[in-house]
Amino acid sequence: MIVTRFAPSPTGFLHIGAISTCQINEKLAHQSGGKILLRIEDTDTKREVEGTTSLIIEAFKKFNMFFDEGPISDTEETGEYGPYFQSQRKDIYLSGVKYLLEQDWAYPCFSTEEELDAIRKEQTVLKFRTGYYGKWAKYRNFPEEMVEKYLDEGRPYIIRFKSNGDWNNKRYFDDGIRGKVSMPENDIDIVILKSDGLPTYHFAHVIDDHFMGTTHVIRSDEWLASLPLHVQMFETIGFEAPKYVHLSPIQKLDDGNRRKLSKRKDPEANVEFYLQEGYPVEAVKEYLMNIANSDFEEFRKANPINAVEKFELKIDKLNNSGALLDFLKLDSVAKEYISTLSSSELYDKLLNWAKEYDTAFAEVMKNEEAYLKSILAIERDGVEKVRKDFYIYSKIKDEVSYFFKDKFSFDVKDFPVSLENARELVEAYKNLYVHEDVKENWFPKVKDLAEKLGYAKNPKELAKTPEAYKGTVADVACVIRILITGRAQSPDLYTVMQILGKEETLKRLNAKI
RNA sequence: GGUCCCAUCGUCUAGAGGCCUAGGACAAGACCCUCUCAAGGUUUAAACACGGGUUCGAAUCCCGUUGGGAUCACCA
């Protein structure tokens, strides 16, 4: 049984990579019958941005992602290993620090920022590794009476972990994706307790993941470099270390080079971007699963209708190099996804989206529910080959705008034939249009009309003797289409006219041209 | 710079020494179907970064080079 966790810090919006990481954590836990917990890493009071905890929680909800334990709002939480806000776990960390101090695995350090800077500079000049280690770890073996004295003087201090590692010793560390990774032992005395009394990530990680029962720490790549440190801390304290899995970040192309999607520079790093554009969250999750684990594509082919939830994820199949975010592929996944929806399912999801991002459209949708549903049903309900043109909710409004009187207009310049021919053709068509006709009768009539007026039945005939025709039947249909929809391309015209209704159709056919 | 990771079509990838004439998906091109579009069908082009080894045999193992990425805080 696998217990995983997702541990964001509330410093801004939720990153799209977080959805991916979290999805992997969630899947691995649940497919094993285990649990996933959410923990808010709010130990950096300087960087913390107010309100982002609830922002993150809300974003997860919008993506239909739920945790077995952890915060459910910015004040409430569930689960028996809490609190799940690190800022509320101060006492736990403090007693941990106290224990480490007693065991002589940690010590107070009185170095000032200036001293630390000086050390770093010196090390850089001397071409040594930077860090608080070896002879630079001035307070590592500071005499006890001096410590007492400094403490009495009220000097500010922090607590450092007393590393027992040797940088010249290489050893192997296990990573679920990469296997054995050889790295030098950690010999840097890292800070475990900051001057504000809050722990650093490293210490909080060890304490929390031990006491919360995490079995697998699945986190982003950037933590791989800290693996020796983390393993060392677990070993020193005598806790059993979790299994580690380091995920490659989603990247983007920038000036020909790949780089991690940046919160600051890239709007598409923000999950809100996808929500706002109206990408179905199901599609986004499928796409992310796709780049996280290529086996998923095979699964999709075999199980076209099944949800992501049924897929079994294998840790060693996880992508190890960092994929480029590919919107073309995302769009394609989204098209496929939307094509599996019935008109009323689509209606519900679209309305749900509009309520938040296009309230005016949401009102229209609510007022004309039946009409909207019939529009969304075009080449969707009850057909074998579903139309695949919708991929984001924000574009659907424009796609169907011609169904609404106030949004409809046409331009005679779009006609593929001369105005004169168009008039002739429309006049003739009006006379033979019967709204009550069944679908099977509709096109043959247009075809007959086309022939009578001197249009070729198909492009091949036109190609044979171009001078004999005014155009093809396609041109005839196109003129009608422009009159009805205002555009040269549309879904099946007959169906469109049926949905518009007799009155509106005739009105449009009778438009002055 | 130190440490570590990664390297297959444009993109995501399959690939565990012989099933590889390197497979699939997205994107692109062509054709078919077709009243337009969207689909659907058929199809074309497109890659093992480079150089050395090891081996009867290397995309696969080893070494090096190159390129890219991550990390080196009282941030997470």
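The chains referred to below are lettered A, B, ... by the order of the sequence lines, with proteins before strands, and numbering in each begins at 1.
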query = Would A:R178 and A:H246 satisfy side-chain hydrogen bond (donor to acceptor under 3.5 Å, both in side chains), going step by step from the backbone distance to the final call?
reply = CA-CA 8 Å; A:R178 281 159 251 267; A:H246 292 93; 5.9 Å; no
When both distances are under 3.5 Å in a Watson-Crick or G-U wobble arrangement, the nucleotide paired with B:C9 is none
Using Watson-Crick geometry (N1-N3 plus N6-O4 or O6-N4) or G-U wobble (N1-O2, O6-N3), each under 3.5 Å, B:C50 is paired with B:G64
How far, in whole Å, is B:G52 from B:A46 if one measures between their C1' atoms?
29 Å
note: A:H15, atom NE2; B:C75, atom P; distance rounded to Å ~ 22 Å
Considering every strand and a 4.0 Å limit on heavy-atom distances, what is the contact class for A:V446: base, sugar-phosphate, or nothing?
nothing
So, with a heavy-atom separation below 4.0 Å from RNA chain B, the residues of residues 175-182 of chain A are A:R178, A:V181, A:S182
Looking for any heavy atom pair under 4.0 Å, which part of the strands does A:T43 touch: base, sugar-phosphate only, or nothing? sugar-phosphate
P atoms of B:A38 and B:A30, separation to the nearest Å: 13 Å
Practice problem: Could you measure between the two C1' atoms, the one in B:A47 and the one in B:U55, and give it in whole Å? | Solution: 25 Å
The side chain to side chain contact (heavy atoms under 4.5 Å, CB included) partners of A:K452 (sequence neighbours excluded) come to none
Donor-acceptor check, side chain of A:S394 to backbone of A:G278, threshold 3.5 angstrom: yes or no?
no
5' to 3', nucleotides 61-71 of chain B under a 4.0 Å protein heavy-atom cut-off (B base, S sugar-phosphate only, - none) gives -------SSSS
Partner of B:C4 under the Watson-Crick or G-U wobble criteria, both distances under 3.5 Å, comes out as B:G69
(message) Please report the distance separating the P of B:G23 from the corresponding atom of B:C9, rounded so that it comes out in whole Å.
(response) 14 Å
Collect all protein-nucleotide pairs involving nucleotides 23-26 of chain B in which both atoms are nitrogen or oxygen and the distance is under 3.5 Å.
{"unit_1": "B:G24", "atom_1": "O2'", "unit_2": "A:K301", "atom_2": "NZ", "d": "2.7"}
{"unit_1": "B:A25", "atom_1": "O4'", "unit_2": "A:E297", "atom_2": "OE2", "d": "3.1"}
{"unit_1": "B:A25", "atom_1": "O2'", "unit_2": "A:E297", "atom_2": "OE2", "d": "2.8"}
{"unit_1": "B:A25", "atom_1": "O2'", "unit_2": "A:K329", "atom_2": "NZ", "d": "2.8"}

| task | Assign A:S111 to base, sugar-phosphate, or nothing according to its heavy-atom contacts below 4.0 angstrom with the strands shown. | result | base
key: Whole-angstrom distance between B:C20 and B:C56, as gauged at atom P   = 23 Å
Requested in this report: Check whether the ring centres of A:F410 and A:Y402 lie less than 6.0 Å apart, and answer yes or no.
Outcome: no
Rounding to an integer number of angstrom, what distance separates B:U8 and B:A59 when you compare their P atoms? 15 Å
Here the salt bridge (charged side-chain N to carboxylate O under 4.0 Å, His left out) pairs for residues 121-131 of chain A, sequence neighbours left out, are A:R129-A:D187
Rounded to whole Å, the CG-C1' distance (A:L126 to B:C72) equals 17 Å
| request: Describe the nucleic acid contact of A:V476 in one word from base, sugar-phosphate, nothing, applying a heavy-atom distance below 4.0 Å. | output: nothing
Practice task
Determine whether more than 12 heavy atoms belonging to other residues, nucleotides or ligands lie under 6.0 Å from atom NZ of A:K162.
Solution key: yes
* To do: Report yes if some heavy atom in the side chain of A:T11 is under 4.5 Å from a heavy atom in the side chain of A:T52; otherwise report no.
  => no
Quiz item: NA contact type, A:K388, heavy-atom cut-off 4.0 Å: base, sugar-phosphate, or nothing?
Solution: sugar-phosphate
Sorted by chain and number, sequence neighbours left out, ring pair (Phe, Tyr, Trp, His ring centres under 6.0 Å) with A:H216 holds for none
With no angle test and no hydrogens, is the base of B:C74 tied to the side chain of A:T200 by a donor-acceptor pair under 3.5 Å?
no
Rounded to whole Å, the OH-P distance (A:Y201 to B:A76) equals 10 Å
**Item:** Row check, A:Y150 ring normal vs A:R155 NZ/CZ: under 6.0 Å, within 45°
**Value:** yes
Quiz item: Looking across every strand, which nucleic acid part, if any, lies under 4.0 Å from A:K252 by heavy atom: base, sugar-phosphate, or nothing?
Solution: nothing
Closest to the side chain of A:K385, out of B:A14, B:U3, B:G40, is B:G40
Checklist entry - Is the phosphate of B:C75, meaning OP1 or OP2, less than 4.0 Å from a side-chain N or O of A:K194? => result yes
| said: Are A:W223 and A:Y244, when compared by the centres of their aromatic rings, separated by less than 6.0 Å? | reply: no
Would you please confirm or rule out a distance under 4.0 Å between OP1 or OP2 of B:U3 and any side-chain N or O of A:K170? no
Between CG of A:D42 and P of B:C74 the distance, given in whole Å, is 20 Å
Report task. Sticking with atom P, work out how far B:U65 lies from B:U3, rounded to a whole angstrom. Result -> 12 Å
Here the salt bridge (charged side-chain N to carboxylate O under 4.0 Å, His left out) pairs for residues 333-343 of chain A, sequence neighbours left out, are A:E336-A:K388
Applied to residues 472-487 of chain A, the side chain to side chain donor-acceptor pair (under 3.5 Å) test, sequence neighbours excluded, yields A:S401-A:R487, A:R481-A:S490
Residues at least two apart in sequence or cross-chain that pass side chain to side chain contact (heavy atoms under 4.5 Å, CB included) with A:K180, listed by chain then number, are A:Y172, A:D174
For B:U42, the nucleotide meeting Watson-Crick or G-U wobble distances (both under 3.5 Å) is B:A30
Checklist entry - Which is true for A:I158 with a 4.0 Å heavy-atom rule: it touches a base, it touches only sugar-phosphate, or it touches nothing? => result base
List the atom pairs, with distances to 0.1 Å, where a side-chain N or O of residues 439-451 of chain A and a protein N or O form a donor-acceptor pair under 3.5 Å, not counting sequence neighbours.
{"unit_1": "A:W442", "atom_1": "NE1", "unit_2": "A:Y429", "atom_2": "OH", "d": "2.9"}
{"unit_1": "A:K445", "atom_1": "NZ", "unit_2": "A:L432", "atom_2": "O", "d": "3.4"}
{"unit_1": "A:K445", "atom_1": "NZ", "unit_2": "A:D437", "atom_2": "OD2", "d": "2.8"}

| query | Does A:K46 put a side-chain nitrogen or oxygen below 4.0 Å from OP1 or OP2 of B:A76? | reply | no
- [ ] For the pair A:F6 and A:F60, name the ring-plane relationship: parallel under 30°, tilted 30 to 60°, perpendicular over 60°.
- [x] perpendicular
Any cation-pi pair here, A:R160 with A:Y139, using under 6.0 Å and within 45°? no
Side chain to side chain contact (heavy atoms under 4.5 Å, CB included) filter on A:S321, not counting sequence neighbours, yields A:N319
Answer for the Watson-Crick or wobble partner of B:G18, both distances under 3.5 Å, is B:C56
Say you pick atom P in B:U21 and the same atom in B:G64; how far apart are they, in whole Å? 30 Å
Reading nucleotides 32-37 of chain B from 5' to 3' and marking B where a protein heavy atom lies under 4.0 Å of the base, S where only the sugar-phosphate is that close, and - otherwise, the string is -S-BBB
A:N186 CG to B:U3 P, in whole Å, measures 15 Å
